[in-house]
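The figures here come from the full heavy-atom set of this structure, side chains too, leaving out hydrogens, waters and symmetry mates. Ligands are counted one by one from 1 in listed order, and the atoms in each one are counted from 1 as well.
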Amino acid sequence: MAIAARRIERLEAIVSQLESEGHEALAHRTDVTELSEVEALVAATNKKFGRIDILVNNAGTMPASPIIEGRISDWKRMVDVNVNGVLHGIGAVLPTMLGQGTGHIVMIGSIAGRRPFPGGTVYAATKFAVRALSWGLHLELGAAHGIRVTDIQPGQVATELYEGIPESPFKDAWDKAWEGKRRLKPQDIADTVLFAVSSPAHMVVSELLVRPVDQAT
Ligand SMILES: NC(=O)c1ccc[n+]([C@@H]2O[C@H](COP(=O)([O-])OP(=O)(O)OC[C@H]3O[C@@H](n4cnc5c(N)ncnc54)[C@H](OP(=O)(O)O)[C@@H]3O)[C@@H](O)[C@H]2O)c1
């Protein structure tokens, strides 16, 4: 398994743990907004493992950004990470998967890719784009090239994503709405990915909406 993000020290700690459990793993410092860095990740993965069976396009950012506040740099950042980053992953891995005649691309979309929420209009737009890409990729790469594509659409998951929301009445209201409620755990989404990629070769799990029982939206 190869894992990639910008904070290499976190990745290296995970790789050490995986290796101590007997797995082979690679940590690669990658900013998904830079195509050259994603291409370098793919090259390093091919060098170590000789093939790439699964790409999980996971990196994303959500600095909730009510339109009325006009934080255009936040809007552009979301497009850059959540859409361009995903495109870089697809473009970089495609030659390998086409050469293999098989592969599975997993997108981490969002429930927001089905339904925008106030304060998350641009974020939702990026996740609608991920959903459209997933659908289109299936049409272009499925039957013709043996590449499967899954769009997993989580609801609320307890992660660091929400730390990107600046202190504001919006954030206070969000935190209050979730007080005492159960969110999903990152492991729930990892298990969902595993379910999707474990399906038999003739089948593709195209979309999965996964949300906490306590999520009333
Ligand atoms: N948490 C939720 O409720 C929820 C719900 C629906 C969908 N999602 C989606 O789930 C995915 C994962 O988010 P999360 O909740 O796990 O958030 P998170 O805890 O903030 O994790 C985001 C991950 O993306 C990486 N990342 C961010 N920008 C990057 C960049 N430019 N290049 C490379 N890596 C980058 C981060 O690592 P570095 O900072 O070290 O680069 C981190 O590993 C996202 O696509 C998000 O939109 C989350």
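- Close approach to Ile108 involves these atoms of ligand 1, each under 4.0 Å from a residue heavy atom: 9 (C), 10 (O), 11 (C), 45 (O).
- Residue Asn58 holds the heavy atom nearest to atom 45 (O) of ligand 1 of all those in Ile8, Asn57, Asn58.
- Between Trp75 and Tyr123, the gap from one ring centroid to the other reaches at least 6.0 Å.
- Remark: the Asp53 side chain and the Thr102 side chain contain no N/O donor-acceptor pair separated by less than 3.5 Å.
- The side chain to side chain donor-acceptor pair (under 3.5 Å) test with Thr126 is passed by exactly one of Asn84, Asp80, Thr61, Asn82: Asn82.
- The closest approach between a heavy atom of Gly155 and any atom of ligand 1 is below 4.0 Å.
- Closest heavy-atom approach to atom 38 (P) of ligand 1 within the set Arg29, Arg7, Gln156: this belongs to Arg7.
- Within the structure, ligand 1 has Gly109 among the residues with a heavy atom less than 4.0 angstrom away.
- Side-chain N/O atoms of Ser206 and His138 include no donor and acceptor closer than 3.5 Å.
- Within the 4.0 Å cut-off (strictly below), no protein heavy atom is located near atom 21 (O) of ligand 1.
- Under 3.5 Å, the side chains of Arg51 and Thr45 contain no donor-acceptor pair of N or O atoms.
- With a 4.0 Å cut-off on non-hydrogen atoms, Arg183 does not touch ligand 1 at all.
- Short contacts between ligand 1 and Arg77, defined as distances under 4.0 Å to a heavy atom of the residue, involve ligand atoms 31 (N).
- At a cut-off of 3.5 Å, with distance as the only test, no side-chain donor of Arg211 or Gln156 sits close to an acceptor on the other residue.
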